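Accompanying notes for the structure given below.
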Amino acid sequence: MTGEDSHDPLALRLGGLAVAPPRDLTGALYGDWTRVDGPVGELLVAFTEVGVSYIRTAASVGDDDDTFRDRFHALFQRPLRRASDVPAGLRRALRGQDAAGVAVDLRVLTPFERDVLTATREIPTGQTRPYAWVAHAIGRPKAVRAVGTALGNNPVPLLIPCHRVTRSDGSLGQYVFGAELKERLLRAEETNVDELLDFARSRVAYIGSDGVYCYPTCTRARTAADPRGLRTLAAVRAAGLRPCELCTPAG
DNA sequence: CGACAAATTAAGG
DNA sequence: CCTTAATTTGTCG
């Protein structure tokens with residue numbers, strides 16, 4: 001109908017990418033979708049020949065299949081057909097295991113958004129990082145607010161764990177599906193949410209269980225091994241701990 | 001191209 | 001503790 005019009009935004013974005021050709025024509029025209037149980041209720045999941053491309057909670061689409069399809073279509077410009085199977089490894093990934101093994105289709109995103117999500121994907125299950133950490137990880141330490149915007153756009157929440165990105169002061173921050181769900185997700189994967197919230201209250205810098213992590217606002221720090229002891233950054237160094245790159249930017 | 005919104009942050013009252 | 005300016009990116013007119 002419209003032919004190969006070069007003004008199609010999807011076509012433009014595809015233009016610069018070397019993507020393996022689809023196995024068949026229908027695969028290129030349709031996306032597949034299915035329902036699957038997640039850690040916090042039912043999810044609707046869409047995927048293409050490239051990978052998982054769109055995930056919403058049933059609650060967020062009013063438990064309505066058509067709403068889900070409409071949103072998908074607005075983003076990907078193709079209709080959805082019901083799939084018989086869930087993509088391999090997805091159930092495990094949603095439980096926080098081997099999520100990296102599941103392919104995702106992020107082609108409709110901008111390079112910046114892809115960078116943000118790729119970095120976010122590295123955050124291990126049970127841990128969190130601040131928005132400022134993600135910004136630093138992608139080489140744009142000042143793009144902190146933009147990181148939040150990009151995460152809010154995450155088409156595949158849970159699979160790419162944007163719920164593990166919190167504010168630098170330890171408070172949990174916002175979430176696509178609401179702050180409440182963010183907290184429930186974190187608790188479900190055994191993150192020490194109380195410790196984070198306590199940190200937010202105390203306004204004292206924190207070094208996480210990996211031993212090297214703290215927050216940019218800090219002038220003092222404490223460690224997981226010695227959670228009550230406050231130290232200056234100099235004392236942290238003297239104790240043989242590496243101050244985080246947020247406190248002391250690399251270079 | 002200009003204006004505005006956004007899942008932040010840090011500084012100042 | 002609360003308010004505000006700074007900053008970066010994406011989107012829309």
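In the text below, chain A, chain B and the rest are named by the order of the sequence lines, each starting its count at 1. Every value quoted in this text rests on a predicted model; they were computed, and no experiment measured them.
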Checklist entry - Base, sugar-phosphate, or nothing for A/Val147, non-hydrogen atoms under 4.0 angstrom? => result nothing
Item to check | A/Asp37 with A/Arg95: basic N within carboxylate O range, under 4.0 Å | outcome: no
Item to check | Side chain of A/Pro130 - closest among B/dT9, C/dG10, B/dA7 | outcome: B/dT9
Next on the checklist: Which nucleotide wins on minimum distance to the side chain of A/Thr149, given the candidates B/dA6, B/dT9, C/dG10?
Outcome noted: B/dA6
Checklist entry - Do the ring centers of A/Tyr54 and A/Phe68 come within less than 6.0 Å of each other? => result yes
Checklist entry - What is the distance, rounded to the nearest whole Å, between atom CD of A/Gln174 and atom P of B/dT9? => result 12 Å
Checklist entry - Considering heavy-atom distances to DNA chain C, does A/Arg145 or A/Pro111 have its closest nucleotide positioned more toward the 5' end? => result A/Arg145
Checklist entry - So what does A/Ala143 hit on the nucleic acid, given a heavy-atom distance under 4.0 Å: a base, only sugar-phosphate, or nothing? => result sugar-phosphate
Checklist entry - Quick one: A/Ile138 CD1 to B/dT8 C1', roughly how many Å, whole number? => result 13 Å
Item to check | Between B/dA7 (P) and A/Tyr175 (OH): distance, integer Å | outcome: 14 Å
Checklist entry - Taking any strand in view, what nucleotide pairs with B/dA7 in a Watson-Crick or G-U wobble way, both distances under 3.5 Å? => result none
Checklist entry - Is the shortest distance from a Lys or Arg side-chain nitrogen in A/Arg164 or A/Glu189 to a carboxylate oxygen in the other one below 4.0 Å? => result yes
Checklist entry - Within this structure, what is the CG-to-C1' distance between A/Leu109 and C/dG10, rounded to whole angstrom? => result 12 Å
Checklist outcome for this item: Rounded to whole Å, CG of A/Asn154 lies from C1' of C/dT9 at a distance of 16 Å
Item to check | Test item: A/Tyr131 and A/Thr166 side chains (from C-beta on) under 4.5 Å apart, heavy atoms | outcome: no
Next on the checklist: Tell me the interatomic distance from A/Arg129, atom CZ, to B/dT9, atom P, rounded to whole angstroms.
Outcome noted: 15 Å
Next on the checklist: Students often get this wrong, so: under 4.0 angstrom with heavy atoms, is A/Phe112 touching a base, only sugar-phosphate, or nothing?
Outcome noted: sugar-phosphate
Next on the checklist: Could you tell me how far apart A/Arg140 (CZ) and B/dT9 (P) are, to the nearest whole angstrom?
Outcome noted: 18 Å
Checklist entry - Within this structure, what is the CD-to-P distance between A/Glu113 and C/dT8, rounded to whole angstrom? => result 17 Å
Item to check | Carboxylate-amine/guanidinium proximity below 4.0 Å for A/Glu180 and A/Arg184 | outcome: no
Checklist outcome for this item: In Watson-Crick or G-U wobble terms, with both distances under 3.5 Å, the base opposite C/dC2 is B/dG12
Checklist entry - Within the structure, does a side-chain N or O atom of A/Thr110 lie under 4.0 Å from either OP1 or OP2 of C/dG10? => result yes
